[in-house]
Structures are given as structure tokens and as C-alpha cells.
Amino acid sequence: MSTDIINKPLIAKDHETDSLNPFTGQILTHSSKRFIEDKILDEIYLEAREENSRLPSPYALMTNRVSKHQLENGIPVHDLHYQEYMFNKKYPQDYIVTYNSPFDFKFSFCGYYQNLICSDWYSWKTQNKVFCGYEIMKNIVAFKTDLEFINLPYNRVGIPSFRLEDIIRENNFNNVPHNASEDVSALISLFNLMRFESTEIVRQAMFCSSKKFIKDLMNENLFLCTAMGFSDDISGKIIAPLCFSPDGSNFLGLDISLVNPDELISLSSWDIYLLIQKKYDIDNIFLKIPINKAKIFFPENFYMKCYNPHLLSLDKLKNRALKLRRNKDIKEVALGALKFFDEQFRKETSVEPEKLIFESFVTPSETNFINQFNNLNWKDRWKFIQDNGILNQDNRIVRLGKKTILEYDFSIAPCDVQERYRRYCEKKLFNFNNTKEDAGHINISDVINELNILKRDHPSEIKHIKELEEYYDNRLAIKYK
């Protein structure tokens, strides 16, 4: 007899990072804990140093209580990702849960890619499966009238908060927020409460970590139900799928509780594009919904728990959804709107290799290069890069391989390369004229501005702020008065 999916071992994870941008930032601390209920079966905790090509955000360092000693003496970022990757490989069938899975997953796959950890950059989802504690909390609030086991925090004006640090405080968890290990322990405690609160929703979240499951659910139901909104306007929505985006990661849906498909005949692709550009509101009729970011979807029978202002019956909703499914014209118009979205995204090109991850999936030649690169001693990797007959020197993987070596051990690279890399970092980071070639990178002007704001707003934290200033002084040879 097979074990219920909800009772199998899980891996809870958390990153604390140097910024909010996964392409230009990095992970500073990481925690993974494999658990069943409240029993920890295995765990790792890792602290990385800041790379030479980056400046961390003082806001992030202050929030996450990162020390100067760690920034200067932690393990290489490459080793943090490698050890986390090898931890996962021990448990390839386990589900991974994080509290904010899109954020954590982006930093992981960008880290795997940028540090040539492996050729399977998305292994959190290909070898394991990922679901999200935040999405479970949203769906519990949307679909369950009264909470029995979880105390939901509210702010002064009565708006609920889904921030993990607020949930920790409200439920008397004995954890310190914004510490990777402590946040993982808090997530495990919250997960166990969510299981008691609604086993059905937690189980569905795990099932929905599979794209195939979601697509099968769409084929078996004329419409789906899912929680949408933020904080004070979270509710279940009744969504009939129209079409998928060209890359299959999103679908465009219509809230059939709000509009009859017959009323959409005159709409153009541009009209729909403008409608889905609007800020989310409970009465939005078109919704662009991701199927690869831990959203949880339910079958038709959840409609009674959803926002349904006209109190339409199940038969009425099915009739509208069936009309929509048979209307090829509106589907074609909707697909045009999603294609325009895709074209807008692809216009944002970059020459920086860190941002070329979406240029294409890894090629067989790139896989071959990565495997050979990782089978060598570090001292032999630079020569391999120079002499390899697999990839051109301007290939994204070759460029990232060079950067990985320089960040791992500067002395491995030739002296002239070391000097060029120093100049590159200086130009990118030490710019005092408030102009940046890339808006995603943090430079010295950003650092000074953030430090001044921290001094103004957090005078009680001046000791830690001074410690951070000393770190930046050491990095930049500047003394801030």
C-alpha cells in the first residue's frame, strides 16, 4: 500500500540573498532540512562570501543580519550551490517546499547556471518537485471560512499579513525571522499546521507542482478554481482557460462568473492585452495565470467557495465555459494578446552572460563542456577553457566558466586576466555619477544612499551599520563620514 503523498519526507528550503534580483544578485545563506512531521531527518546550512563582481544591498544585509566576517570569509558561492545540489541528489523523489518558491527557485536556477553546477539548471523541478507555502496559505484563507489551527496576523487596519515573520510572531513559533535555518524551522512548523487546517489543499498544492497534472485537470474540467489577489482581496476565482502562451508557462483565462462569452465578440487582441495589463482587481475578467509558479488549481466542484457575484449555478457556469471552449475566434484573438506579451519580453535583450539563461535551453555541446569542466581539478580548469574544442570563447557557458574560476580562486587565472577582471568590477561597481549600464546591478551610489537611510531610520542598529560600512570600506577603499 503506497504512502499518501502528504506523509512522505519533504525538503524545506530557504535562501537569504544580497538583493532581490536573481540575475545580478546571489545567495548568501542557505538552509535545507529534510523532515517528516516535526522530525528532522537530514539538514545542511551554508554561508557564502560576497562575490567580487557584486555589491550587496545594505538593506538586505541589515534585514538578514549578515556579518562582515561572512561577507569576507564565507565559502565560494559555487560551493554553496554545489553542496545544496548534492543534498537534493540524495533525495531525488522528494518534494521541495519553500515559503516563496518563485523567489527561491529563481535564485537556485540562476546560481546553477552562473556557476556551471550542472546542465540541469531546473533540477528542483525536473528531479524533485516544488510547491509553495505562501500559496497554500492564500488558498486556505480563500477557500476555508474559519481557521482552526493557524492564527492569521492582521495589521492595524485589519488587513491580513502573509509575511512569514508575522506568522512566526502570531503563532508563537520560537524562531528568529530572516535567518535561513530559523525560517526553515518556522516553515516546517507552519506546514504541519497547514496539514491540520486543510489536508485537501496541501495535497492539491503538491499535485499542482506537476505541469502535466494541471493540464490534465484542465482537460477533465470545463473550468478551474484558484485563489487570486493579495492580502485583503484574496478570493477564489472561477476561471475558464482560453489558451496557453507560446512557451506554455502561462495561460489566459476568463472569469466566467463575471461575463458571458457571447459579450466578447467585438474584442481585439490589443483590447485583451490592455485588459490583462491592468492591476489586479477582483472584477478583472481576463487573467494571465502562470502554471509553473506554484499556483494551486481545483476542479469545478470548488465553485461554491469562489467569488460568484451573480450566484450562477454549476450548469450555467459549465454552459459558459463550453461556449468559450468551442469559440475558435476568441481563442485566436486571446492567443494574439499572449504572443504580444511574449514579444515584449524577448525585446529585453542583454549581452551579459548571467542574463542569457533564457536565450535557449542548454545545448548538447554546453552539457558536454559543463560535465568536463566539473570533472577537473580547479587548477586545470582555466587551461581546459582556453583549449577546449567544444565551445567558442564567446559562448555564454565559456564566459561564465571564466567568471566562476575568478570568483572561486583569483590566482588560478593568468595575471593579465586578473587585472582585466579587476578593472571590469571597478567600472561596474565604483561609479559615483549615479549612472549605471545595467539597472539591475547595485553600485557604490546605491550603497551610500541605502546606508544613509539606514542610519536615519534605524539609529538603534548603528553598531551593525558601522560594521557594514567597514565591509564596504574594505571593498571600495572609501571611508564614509
Side-chain angles (χ1 to χ4, degrees), residues 15-30 45-80 107 111 114-115 176 178-180 352 354 403-413 415-481:
H15 306 317
E16 301 298 340
T17 62
D18 69 348
S19 64
L20 298 176
N21 191 320
F23 302 102
T24 59
Q26 67 165 80
I27 298 170
L28 289 173
T29 59
H30 170 81
Y45 177 74
L46 305 164
E47 295 184 345
R49 64 187 183 229
E50 183 76 11
E51 291 195 327
N52 295 316
S53 60
R54 297 182 171 106
L55 285 177
S57 161
Y59 292 159
L61 300 183
M62 188 75 175
T63 300
N64 299 328
R65 309 302 299 177
V66 179
S67 68
K68 171 178 173 290
H69 181 268
Q70 179 195 327
L71 291 167
E72 296 175 339
N73 300 292
I75 63 175
V77 174
H78 172 279
D79 286 0
L80 180 148
F107 267 93
Q114 292 178 21
N115 292 276
V176 178
H178 301 295
N179 171 284
E352 295 193 358
E354 293 88 350
K403 180 186 174 187
T404 296
I405 293 172
L406 285 160
E407 294 290 356
Y408 186 87
D409 185 346
F410 213 57
S411 66
I412 293 175
C415 292
D416 63 319
V417 174
Q418 294 178 30
E419 183 58 32
R420 286 202 305 272
Y421 193 64
R422 282 194 191 96
R423 291 199 300 267
Y424 162 77
C425 293
E426 289 173 0
K427 181 181 178 183
K428 183 169 76 167
L429 304 178
F430 303 177
N431 183 351
F432 283 93
N433 61 11
N434 290 312
T435 62
K436 292 191 281 188
E437 295 180 6
D438 187 333
H441 285 287
I442 295 171
N443 71 6
I444 185 57
S445 297
D446 301 315
V447 167
I448 294 172
N449 182 55
E450 289 188 19
L451 283 171
N452 287 335
I453 292 172
L454 287 174
K455 288 178 185 177
R456 182 195 69 196
D457 295 347
H458 301 277
S460 63
E461 297 285 351
I462 195 64
K463 183 179 179 180
H464 188 210
I465 295 169
K466 289 292 185 182
E467 180 189 342
L468 297 181
E469 280 190 320
E470 186 179 349
Y471 163 75
Y472 291 113
D473 288 349
N474 291 346
R475 282 285 308 271
L476 312 173
I478 294 173
K479 186 69 175 178
Y480 305 121
K481 303 295 185 182

Closest approach of [X] to [Y] (non-hydrogen atoms, all atoms of both residues):
X      : Y      : value
Ser53  : Cys425 : CA-SG, 3.7 Å
Glu50  : Leu55  : OE2-C, 3.7 Å
Val77  : Arg49  : CG2-O, 3.6 Å
Pro58  : Val447 : CG-O, 3.9 Å
Ala180 : Glu16  : N-CG, 3.7 Å

Side-chain donor/acceptor of [X] to backbone N/O of [Y], under 3.5 Å:
X      : Y      : answer
Asp446 : Asn449 : no
Asn64  : Val66  : no
Glu407 : Glu51  : no
Asp18  : Gly25  : no
Tyr472 : Pro56  : yes
Gln70  : Ala48  : yes
Lys455 : Ile465 : no

Could you grab the distance from atom [atom1] of [X] to atom [atom2] of [Y], nearest 0.5 Å is fine?
X      : Y      : atom1 : atom2 : answer
Met62  : Glu461 : CE    : CD    : 3.5 Å
Ser411 : Leu406 : OG    : CG    : 10.0 Å
Cys415 : Phe410 : SG    : CZ    : 10.0 Å
Leu28  : Leu80  : CG    : CG    : 9.0 Å
His441 : Lys428 : NE2   : NZ    : 4.0 Å
Leu454 : Glu469 : CG    : CD    : 9.5 Å

Note to self: If the condition is side-chain hydrogen bond (donor to acceptor under 3.5 Å, both in side chains), which residues does Glu450 pass it with, not counting sequence neighbours?
What the structure shows: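 side-chain hydrogen bond (donor to acceptor under 3.5 Å, both in side chains) list for Glu450, sorted by chain: Ser57.
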Margin query: Atom CD1 of residue position Ile453 - does it have more than 12 heavy atoms of other residues, nucleotides or ligands inside 6.0 Å?
Written below: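 Yes.
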Checklist line | Crowding at NE2, His458 (>12 non-hydrogen neighbours, <6.0 Å) | finding: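 More than 12 within 6.0 Å, yes.
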Next item on the list: Check the pair Glu72 / Lys68 against salt bridge (charged side-chain N to carboxylate O under 4.0 Å, His left out), numbers first and verdict last.
Entry: CA-CA 6 Å; Glu72 296 175 339; Lys68 171 178 173 290; 3.1 Å; yes
Check: Run the side chain to side chain contact (heavy atoms under 4.5 Å, CB included) check on Tyr59 and Leu20 step by step: do they pass?
Finding: CA-CA 10 Å; Tyr59 292 159; Leu20 298 176; over 6 Å; no
Checklist line | Check against side chain to side chain contact (heavy atoms under 4.5 Å, CB included), His178 and Arg65 | finding: CA-CA 8 Å; His178 301 295; Arg65 309 302 299 177; 5.9 Å; no
Margin query: Checking His15 now: which residues fulfil ring pair (Phe, Tyr, Trp, His ring centres under 6.0 Å) with it, not counting sequence neighbours?
Written below: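 With sequence neighbours excluded, His15 shows a ring pair (Phe, Tyr, Trp, His ring centres under 6.0 Å) to His30, Trp124, given in chain and number order.
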Next item on the list: Quick one: list whatever passes ring pair (Phe, Tyr, Trp, His ring centres under 6.0 Å) with Phe23, sequence neighbours left out.
Entry: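 Residues passing ring pair (Phe, Tyr, Trp, His ring centres under 6.0 Å) with Phe23: Phe358.
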Notebook entry, point to check: Should Arg475 and Tyr471 be marked as a side-chain hydrogen bond (donor to acceptor under 3.5 Å, both in side chains) after you check the CA-CA gap, both sets of side-chain angles, and the distance that decides it?
Noted result: CA-CA 6 Å; Arg475 282 285 308 271; Tyr471 163 75; 2.8 Å; yes
Next item on the list: Could you give me the CA-CA distance, side-chain angles and deciding distance for Asp79 and Asn115, then say whether side chain to side chain contact (heavy atoms under 4.5 Å, CB included) is met?
Entry: CA-CA 9 Å; Asp79 286 0; Asn115 292 276; over 6 Å; no
Margin query: Show, in sequence, the C-alpha distance, side-chain angles and deciding distance for Glu426 and Arg423, and conclude whether the salt bridge (charged side-chain N to carboxylate O under 4.0 Å, His left out) test is met.
Written below: CA-CA 5 Å; Glu426 289 173 0; Arg423 291 199 300 267; over 6 Å; no
